[in-house]
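Atom set for the values below is all heavy atoms of this structure, side chains included, hydrogens, waters and symmetry mates excluded. Here is the naming used below: chain letters follow the sequence lines, and residue numbers restart at 1 for every chain. Because the structure is predicted, anything quoted here is derived from the model rather than measured.
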Amino acid sequence: MTFGKGCHLHLIDGSAFIFRAFHALPPLTRKSDGLPIGAVSGFCNMLQKYVEEATGPDAPTHVAVIFDKGSHTFRNDMYDLYKANREEMPEALRPQMPLTRRATEAFNIACKELEGYEADDIIATLAVQAREAGGRVTIISSDKDLMQLVGGGVEMLDAMKNRRIDRDGVLEKFGVYPERVVDVQALAGDSVDNVPGAPGIGIKTAALLINEFGDLETLLERAEEIRQPKRRQTLIEMRDQIELSKKLVQLDENTPLDFTLDDLEVREPDPDVLLPFLAEMEFRTLTRRIAEKLGVDAPVIVEVPAAMPGDEGNAAPEAVPFDTAAYECVREVAALEGWVAAIRERGVVAVDTETTGLDEMVVDLVGISLSTGAGRACYIPLIHKEAGRGDDLFGSDDLAEGQIGLDQALALLKPVLEDPAILKVGQNMKYDAKIFARYGVNVAPIDDTMLLSYAMHAGLHGHGMDTLSERYLGHQPIPIKPLLGSGKSAITFDRVPIDEATAYAAEDADITWRLWEMFKPQLHREQVTTVYETLERPLVPVLAEMEMAGIKVDRDVLSRMSNAFAQKMAGLEAEIHELAGETFNVGSPKQLGEILFDKMSLEGGKRGKTGAYATGADVLEDLAAEGHDLPARVLDWRQLSKLKSTYTDALQDHINKETGRVHTSYIISGAATGRLASTDPNLQNIPVRSEEGRRIREAFVAEEGKVLLSLDYSQIELRILAHIADLPGMKAAFAEGQDIHAATASEMFNVPLDQMTPEIRRQAKAINFGVIYGISGFGLARNLRIPRAEAQGFIDRYFERFPGIRTYMDQTKAFAKEHGFVKTLFGRRIHTPEINAKGPRASFAYRAAINAPIQGTAADVIRRAMVRMPEAIAGLPAKMLLQVHDELIFEVEKDATEEVIGRARAVMEGAADPAVHLDVKLTVDAGQGANWAEAH
DNA sequence: GACATCACG
DNA sequence: GACGTACGTGATGTCC
């Protein structure tokens, strides 16, 4: 096809892809030989994503990836400092450059470069040719130098933000249309490329001048007319430098090319070329995904353990392919006895349970799967029902034939599952342990692949089985959805036909085994063995006990509150409709925004990214403060609505029918920092800050004759900050038992403690928290509702008075940049893969990196306390029920209260010892009462 | 399923 | 000089 009208040329800026891929990803290496491969991996993923999305009416007819070639270009002949401040290419990236060319060719996309020219010049030349031929062009890049080409059918596409940039987009960026972009750049210069420009003039000023005078040449001719003396002088004196800058930024549209547009026609990738390349790179997931897309079999990539010093000579084990047909369905006692013997032989087994649902406190055990080696797995169906899908949707309630009796199977397995000499491996073992516990089997000792991954990879990705299998085994597990169906017609696992259940369930055990085999030896290499052994694994039985204990919740209290809330809400709703002059859904932010800012024309309507007005509490509070009644009522209504739906209503549904208690579930690997997360229900966010909300805690009660006990760390994060950042002033204040926020205020604002006002203390408190969060002037200003400059002043003074903070922040950032993770005092690693990204993502990562060691160390401390707690209170009539980040809740017989407080407090205050000696002592406050509101 | 909102530490 | 910001979570309701 000859390129012309109706054609659409895509030009991809290859170097931009590479650098983006390199900086966005952790330093991956090819397993077999350690070759750095991260950028190639990211590059291929981006190409694949691009190919997948480049369909439809907008699809390109022609496409090329353009690369830079050689470091010396004609621009260096003009100006020897051009790009002189460019940093050396990172050592890990250099060997990957040729591989990205090969990757492009493997995808069967034209790959073009030209010695002595930058990619931008080739792109310019092709874009102009295509435009003159009457075609459309999309330049896939976010390089602002290319913006001068936009217009007349040429657009840019920022692939990361998925945003098209047309002439108006360029105007937005540069303040001028594309044809004047070089003029603006010539004046503003570019520090990245070391284009000098005119000193003191940035894009804003440059655009102003160009728009006033028309173009650069006129501006320079008539420079005497510029009103501002400084600018006038600069432009007159720097004329040569500005003209040189223009030549440097002006793209060459006449690059001598040895190919034509017609050579760039889109071609289908050839599986026989692409897949072998991906396999050679050892990209497991991508190889499989693309093979699937192309409808061919993925080549097998042999699994090789990562090379280690001293490993030479270790033969790589042959990778065993996944094969569901090889799994055994255990239906006879003799067969099960065979498995038990095999497990005893091996000393370790991967275990997984299948159940009728997700609530471990309610569901029934349906079957058990076991694995004793890669590819060697079985499923033991126990209470599967006669298959009856089809005519009879619900099947029969009769047990299917050929299953070992539940009791008999458990009796055979129990000695193995409880044998201290046999290791049981699971994925999220807390779930299975709780199921087994309800059947009288106490599984121990254990390993958990989810927690192994968490100890090594926190911050990099999730730790669910699907994620881990795809990422580390290159294998997508059988999805559960087709087996169970969805919606109304969904069935429980006991109604899944046994042969299908066997493939699914045994595969889970197989995957768990393989992950364990891979992860376990990696722990020590990542130096997180102690983290795993002391902070992750021992928590499993402790949390299982707490969750099974549950906390008693008084349904009547909640029910009465729900009714009261409903009444108040109805009243408020009527008032709101009255004020609005129409009825609308108060719970719809969209409708509320339209009422407030369109109908009532109130000031301050700001639209978010979806185009809807923002109606968050901060916005409504501002409006209410101006005297508007409607937003004030909505705020009240929202508070009640939240309390009712999330707490007083929903909590009732979580009361277990058998125990009369609420049993939350903690996610050990949920938060990257080491904190726990609580779900179904979340008992870590029960209201406390508002008086009305706090009353919900009255529904959490102790059994008759017992009390609830709450012990919480006082200011644990600030104490850890004082230790880590070595802040002598703050340490002293803690040592003397002072009010830490007042002490901070005194230090910062030179106010004696006895003259402290609540207002000054409030500001100091906000700054203290800000520091923990990786402070920014903007954030503090918003929090305190003060001008940004003032907030910045506070921060500057804080840094002055507590110089250790600066050092801590700088060192933490440098560490994160170098290693890709930060550490807590106890060695927990939290990865920060985006720390080397560009733009706001890096700012996010930076603040998270500052916060993680502090929040994470506090999380480690309370984990250590929890692990030691059962032994400390053994023999006492007390149970640990809940954890809320810095607080532990116990239920205790009244007589034993003081004894439990004493022992639990000692454990908590001494939790850091002996692993870490803190310069600041930890103190614990205790409270008790008939309910949680009283105890807190 | 994404988004906005809001509850907690 | 611009980016667009406080850190970490989970549950709910609306809307597409």
query: Within the pair A:Arg782 and C:dA6, is there a side-chain N or O less than 4.0 Å away from OP1 or OP2?
result: yes

message: Mind checking if A:Ala852 touches a base, just sugar-phosphate, or nothing, with heavy atoms under 4.0 Å?
response: nothing

- prompt: When the P atoms of C:dA2 and B:dA7 are considered, how many whole Å apart are they?
  reply: 37 Å

field: Phosphate contact (B:dA4 OP1 or OP2) by A:Thr615 side-chain N/O below 4.0 Å
entry: no

Geometric class of the A:Tyr613/A:Phe597 ring pair [parallel <30°, tilted 30-60°, perpendicular >60°]: tilted

Watson-Crick or G-U wobble mate for C:dC3, both contacts under 3.5 Å: none

- prompt: Is there a donor N/O on one and an acceptor N/O on the other, under 3.5 Å, for the side chain of A:Ser776 and the base of C:dT5?
  reply: yes

Partner nucleotide of B:dT5 by Watson-Crick or wobble geometry (both distances under 3.5 Å): C:dA11

- request: Record whether the side chain of A:Arg689 comes under 3.5 Å of the base of B:dG9 through a donor-acceptor pair of N or O atoms.
  value: yes

- request: Compare side-chain N and O positions of A:Asn585 against OP1 and OP2 of C:dT14 and report whether any pair is under 4.0 Å apart.
  value: yes

message: So, does A:Ser690 get its side chain near the phosphate of B:dA7, meaning an N or O under 4.0 Å from OP1 or OP2?
response: no

Distance test, side-chain N/O of A:Lys590 to OP1/OP2 of C:dG13, below 4.0 Å: no

message: Without decimals, in angstroms, what is the distance between A:Arg694 CZ and B:dA7 C1'?
response: 14 Å

statement: Contacts of A:Gly777 and A:Ala848 projected onto DNA chain C by closest heavy atom; the upstream (5') one is A:Gly777

query: For B:dC6, does OP1 or OP2 lie under 4.0 Å from any side-chain N or O of A:Arg638?
result: yes

query: So, is A:Gln639 near the phosphate of B:dA7, with a side-chain N or O under 4.0 Å from OP1 or OP2?
result: no

query: Under 4.0 Å between a side-chain N or O of A:Arg675 and OP1 or OP2 of C:dT9?
result: no

- prompt: Using the C1' atom in both, what is the distance from C:dC3 to B:dC8, to the nearest Å?
  reply: 31 Å

- prompt: How far does the P atom of B:dC6 sit from the matching atom of C:dG4, given to the nearest Å?
  reply: 24 Å

query: Cation-pi between A:Arg806 and A:Tyr808: NZ/CZ under 6.0 Å from ring centre and within 45° of the ring axis?
result: no

Distance-only donor-acceptor check, side chains A:His663 and A:Glu360, under 3.5 Å: no

query: Is any side-chain N or O of A:Arg841 under 3.5 Å from a base N or O of C:dT5, one able to act as donor and the other as acceptor?
result: no

